[in-house]
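Here is the structure we will look at, set down as structure tokens.
Throughout, a chain's letter reflects where its sequence line sits, starting with A, and its residues are numbered from 1.
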Amino acid sequence: MNPRTFGASALRIIQQLTTDRRTLGLILAVPLVLVTLLYYVYRDVPVPPGGQDPFPRIALIMLGILPMLVMFAVTSVAMLRERTSGTLERLWTTPLHRADLVGGYALAFAGMAVLQSLLLSAVTYWFLGVTTEGSAGWVVLVAALSSTVGIAFGLLASAFARTEFQAVQFMPVFISPQIFLCGLLVDTDLMPDVLQWLSEFMPMTYAVDALMQIRDSASMGSDFTGDALMLAAMALGALLLAALTMPRSTR
Amino acid sequence: MKGPEADAGGPAAVNIRSLTVRKGKKEVLHGIDLKLRPGSITGLFGPSGCGKTTLMRSIVGVQKIHSGTITVLGAQPGAKALRSEVGYVTQAAAVYRDLTLEQNVRYFARLYGAGAERVRETIEAAGLTEQTEQKVQSMSGGQASRASLACALVADPKFLVLDEPTVGLDPVTREELWGHFRGVAERGTTILVSSHVMDEAGHCDRLVLMRHGVILQDTDPAELLEATGTSTYDQAFLSVITEGVAA
């Protein structure tokens with residue numbers, strides 16, 4: 001890593017992001033609209049006596065899912081554009097190291113991700129009446145980590161796509177199984193062993209587990225730390241793999 | 001203009017020996033030998049698909065080669081030491097079209113470690129001062145080509161590789177670009193430029209004619225016309241092809 005070329009790349013990618021107002025708007029607004037939509041979907045559902053209103057749990061889990069989903073889609077297409085426009089090949093003839101480029105993408109998009117997480121958390125807590133035992137700051141952290149995982153896997157996925165159309169098709173492949181297995185639909189403990197085992201390889205499972213702990217307890221224990229570290233490790237692993245999928249010279 | 005023998009004794013800027021390149025199972029370059037004189041413009045001419053781009057990609061180090069050797073400014077292609085010395089301008093203007101000219105040039109300047117002053121000079125030299133704040137996507141074809149060129153020139157490279165920089169441009173813009181290349185070469189940069197428009201051969205110090213992955217002729221413009229007894233470069237090239245490599 002070289003701070004100069006890393007910083008230059010992050011800055012250039014941020015410039016591209018801020019130029020594209022529509023994408024910026026989509027990244028920030030879409031998760032808000034979706035969570036608000038869910039609020040209205042559940043608003044008039046009668047809660048049985050002694051039962052629990054399902055919305056707060058689902059809304060909280062969405063804070064782990066939506067950022068990952070949105071950032072995966074945006075990053076995979078952005079990186080693919082770099083590959084197909086010829087600029088990537090050109091960059092390999094400059095002093096830029098590939099870790100600097102991957103890092104630059106991660107930093108620029110993670111900045112967006114934090115902003116997105118802050119907005120989404122603010123709306124969920126202040127307007128949709130969701131409350132947690134733990135501090136909202138932890139929720140923002142998990143949402144940001146979750147979107148960083150989305151960024152990292154988006155960069156990696158771009159290596160396996162030839163066109164933007166293909167890149168978008170990777171989204172259901174990457175996201176859907178995670179949504180099914182992460183604990184949103186069925187508690188992971190109640191799933192068959194094979195599925196439980198599979199869910200342990202999926203970052204979203206750790207995001208959901210961390211969010212449920214924030215909901216239920218005021219202080220964060222070692223389980224939460226473990227979840228957060230796991231998310232960070234998976235993001236880092238995907239970033240390293242993504243860098244490896246970008247050889248300077250090709251056949 | 002310097003004759004071909006002017007510094008035959010000096011070290012070549014680029015030296016290629018028996019280069020072969022395979023893509024998949026197909027061999028696309030079959031034993032290329034080529035030397036480029038420092039400070040000269042060498043034109044690489046030949047029909048589409050003859051291997052021009054592959055040869056150029058090999059020289060800048062983004063193409064894996066199968067056998068043979070390439071030395072660029074005394075080093076292996078793609079070596080760390082070369083990355084600030086070699087400029088590569090790809091076939092399509094590979095710049096960030098959603099960014100302004102200045103943002104583009106400044107990004108490449110930062111990668112090469114060049115300062116803000118150098119950014120302004122380069123934009124001025126490319127004749128794009130008025131387009132400084134303009135996005136590349138709203139530029140004309142010629143302006144976009146020069147923008148792409150500026151992103152390489154900002155490094156003040158010793159060796160510049162230009163892949164079909166004039167393709168799809170009108171004759172006036174092409175002349176302007178060739179004038180610009182000459183200016184760059186006169187400041188000591190060695191240039192390798194490809195084209196499939198034979199008319200442009202007259203702008204080069206040295207001509208390399210390629211077909212089907214081999215070099216048919218390594219000559220200079222006057223010599224080519226004289227040897228083939230033709231009056232246009234198009235005819236000359238066709239004549240070289242029909243007479244075969246022996247010409």
Side-chain angles (χ1 to χ4, degrees), chain A residues 1-27 74 77-105 107-109 112 162 164 245-251, chain B residues 21-25 28 53-54 56-66 72 76-100 102-104 106-114 135-137 148 151-152 154-155 157 159-161 163:
Chain A
M1 292 275 281
N2 172 321
R4 189 190 77 225
T5 54
F6 164 65
S9 302
L11 181 68
R12 185 264 298 173
I13 295 156
I14 290 170
Q15 282 172 342
Q16 284 183 293
L17 265 175
T18 49
T19 317
D20 187 357
R21 294 274 161 81
R22 193 171 297 178
T23 301
L24 203 63
L26 286 171
I27 292 176
V74 175
V77 173
M79 188 66 216
L80 191 75
R81 203 169 50 165
E82 182 102 75
R83 287 177 196 262
T84 52
S85 67
T87 46
L88 188 67
E89 179 157 293
R90 179 173 196 168
L91 289 179
W92 293 154
T93 67
T94 74
L96 178 73
H97 192 280
R98 46 193 190 174
D100 297 333
L101 183 68
V102 171
Y105 266 99
L107 182 68
F109 280 91
M112 286 296 305
R162 292 278 162 273
E164 294 182 8
T245 60
M246 297 176 195
R248 284 193 106 98
S249 61
T250 50
R251 288 201 186 276
Chain B
V21 172
R22 282 185 192 164
K23 283 189 171 174
K25 287 192 174 149
V28 290
T53 297
T54 306
M56 291 183 143
R57 293 181 74 244
S58 308
I59 294 172
V60 297
V62 295
Q63 171 71 52
K64 286 207 169 86
I65 66 172
H66 183 251
V72 178
Q76 291 257 320
K80 264 210 169 82
L82 287 181
R83 288 184 197 152
S84 301
E85 308 282 357
V86 176
Y88 177 39
V89 181
T90 50
Q91 210 155 12
V95 287
Y96 300 98
R97 305 183 69 81
D98 48 350
L99 294 183
T100 66
E102 193 189 18
Q103 286 172 328
N104 269 291
R106 198 173 283 270
Y107 175 47
F108 282 94
R110 287 195 179 108
L111 295 183
Y112 291 121
K135 285 186 186 174
V136 176
Q137 63 198 9
S148 186
C151 290
V154 76
F159 177 44
L160 189 58
V161 179
D163 195 356

In the structure I gave you, are the side-chain heavy atoms of [X] and [Y] within less than 4.5 Å of one another anywhere?
{"X": "B:R110", "Y": "A:L11", "value": "yes"}
{"X": "A:T93", "Y": "B:V86", "value": "no"}
{"X": "B:V89", "Y": "A:R90", "value": "yes"}
{"X": "B:L111", "Y": "A:R12", "value": "no"}
{"X": "B:Y96", "Y": "A:E82", "value": "yes"}

Contact winner vs chain A - [options], heavy-atom pairs under 4.5 Å:
{"options": "B:S58, B:S148, B:P77", "value": "B:S148"}
{"options": "B:A92, B:A93, B:A94, B:S84", "value": "B:A94"}
{"options": "B:G87, B:C151, B:A155, B:G78", "value": "B:C151"}

Q) Quick one: what part of B:V95 sits under 4.5 Å from any heavy atom of chain A, side chain, backbone, both or neither? A) both
Q) Heavy-atom distance under 4.5 Å to chain A: side chain of B:V60, backbone, both or neither? A) both
(Q) Among A:L88, A:T87, A:T5, which residue has the highest count of heavy-atom pairs closer than 4.5 Å to chain B? (A) A:T87
Q. At what distance, to the nearest 0.5 angstrom, does CD of A:E89 lie from CD of B:Q63?
A. 8.5 Å
(Q) For B:Y107 versus A:S9, what's the shortest heavy-atom pair and its separation? (A) OH-OG, 2.9 Å
Q | B:Q137 atom CD: more than 12 heavy-atom contacts under 6.0 Å | A | yes
Q | Region of A:T94 that comes under 4.5 Å of a non-hydrogen atom in chain B | A | both
(Q) Heavy-atom cut-off 4.5 Å, strictly under: side chain, backbone, both or neither for A:L101 against chain B? (A) side chain
